[in-house]
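Values in this document were obtained by computation on a predicted structure and should not be read as measured data. Start at 1 and go down the list; that is how both ligands and their atoms are numbered.
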Amino acid sequence: MNEFDQITPPERLLMGPGPINIDPRILHTMSNKLIGQYDPMMTNYMNEVMQLYRIIFNTKNLNTLLIDGTSRAGIEAIFISMIKPGDKVLIPIFGRFGQLLYEISKRCKAHVHTIEVPWGEIFEPDKIEYSIKKIKPKFLLTVHGDTSTTMLQPLEEIGLICQKYEVIFYTDATASCGGNYLKTDDWKIDAVSAGMQKCLGGPSGTSPITINDKTIEIIQQRQRVEFGKNIDDKKIIFSNYFDINMIIDYWSEKRLNHHTEATTALYAAHECARLIIKEGIHNRILRHKLHGDALLHGIKNMGLKIFGDIKHKMNNILGVIIPKRINGEQVRKLMLDDFGIEIGTSFGPLKGRIWRIGTMGYNSRKDCVLRTLTALESILNKLGFKTTQGEALQATWDFYNINV
Ligand SMILES: Cc1ncc(COP(=O)(O)O)c(C=O)c1O
């Protein structure tokens, strides 16, 4: 029989678009003892998770809970539960994750309409209003921050537009939540899903979601499965695992059995939210802005160009255009092999054209920014992109002295 070694991952500084290194306090929380899912201590942790994520999402929605699975599990659970075959949906696409919403709505057999802007831009609200008037969708499905382009779509006016035309408004806040403002109730967002592995600062594996009563009413019109009752294959939600009606019965005081809760992942999600609230949501967003701006300053001082409309970029991620005659993958490999630092590339039309550097969660810190800039500049010089070495680092250091 083969002998397998215990897993011992290398030391890495994860400065890509997620996942990121997690705060040791979260790792520590995850090493706690497992308990049964109906143990009163466990159901109390579940209730606390609901309360904590209401604060994170800025909402009073009772139905705020975790879907087990990565961020797309949250998206799928909401879509598959609220969208019936043939429902009209409108999706403004400004990057790869708008395309993901398109794909998932198609799988729900929705009647899907899309509008697009070039990658690196966001939508003006009147473009969305025009399309809503023309198409008359039941749902508007948006991404808040599209990680592939680094852009952050302003949502406040879109929420008002959706309210005016009685359109249910969903947003995917996987990349933005915890590092950028997200005001679910004030901005009239009916349903939101997120993910742990970016600004929320945790391990991937659970997706916090929040859904308002209006949207829950739509979901409750789908058939509720009861033992002994016939199943109507047109009315049933096409997934057991992602049936939000069943998941709510499980998270509510009814505690009806559904899946086996992912205990360790729930501990992590609890600790992430607790740490954010301890830091203060506003302070945390300012921290993401500070280190995002510092990175931007350093990159510009290195003579590199930024991708996209900087006015609308997320605080936590930067798209850097790979200079001509530099092999982007070779740079990423040297960053990882020789400096232990991971940065990202992008998808589709941006693959090989930009690097994406994240400063999120636990890694939204001065030392992480300065180490990343130092490594990147050394590698670029080694490969023939000449800078006055040390100048960008010094400028960033000075930036911190002025801005902190
Ligand atoms: C905006 C956005 N939505 C959805 C996803 C999908 O997330 P996951 O890989 O956790 O399923 C990602 C992943 O990066 C993302 O950035």
Any side-chain donor paired with an acceptor under 3.5 Å for Asp186 and Asn58? no

Using distance alone, with no hydrogens and no angle criterion, decide if Glu129 and Tyr165 have a side-chain donor and acceptor under 3.5 Å apart. yes

I'd like to know if the side chain of Ser364 reaches the main chain of Gly361, judged simply by a donor and an acceptor atom lying under 3.5 Å from each other, with no hydrogens or angles considered. no

In this structure, atom 12 (C) of ligand 1 is nearest to the protein heavy atom Phe97 CE2, 3.2 Å

In this structure, atom 9 (O) of ligand 1 is nearest to the protein heavy atom Arg72 NH2, 3.5 Å

Within the 4.5 Å heavy-atom criterion, are Glu271 and Leu275 side-chain neighbours or not? yes

Less than 6.0 angstrom from the centroid, inside 45 degrees of the normal: does Arg365 satisfy that with respect to the ring of Tyr362? yes

Residue Thr147 vicinity, atoms of ligand 1 by number, heavy atom under 4.0 Å: 1 (C), 2 (C), 15 (C), 16 (O)

Which of the atoms of ligand 1 are close to Gly145, meaning less than 4.0 Å from one of its heavy atoms? 1 (C)

Close approach, Pro17 and ligand 1, non-hydrogen under 4.0 angstrom: no

So if I count the atoms of ligand 1 from 1 in the order they appear, which ones are less than 4.0 Å from some heavy atom of Asp172? 1 (C), 2 (C), 3 (N), 4 (C)

By number and element, which atoms of ligand 1 are closer than 4.0 Å to a non-hydrogen atom of Lys198? 13 (C), 14 (O), 16 (O)

Give a yes/no verdict on whether any heavy atom in Arg96 is under 4.0 Å from an atom of ligand 1. no

Contact check, His144 vs ligand 1, heavy-atom distance below 4.0 Å: no

May I ask you to check whether His282 and Tyr181 show a side-chain donor-acceptor distance below 3.5 Å? yes

State, without any angle test, whether Thr210 and Thr64 hold a side-chain donor-acceptor pair at a distance under 3.5 Å. yes

Min N/O separation Asp146 to ligand 1 under 3.5 Å: no

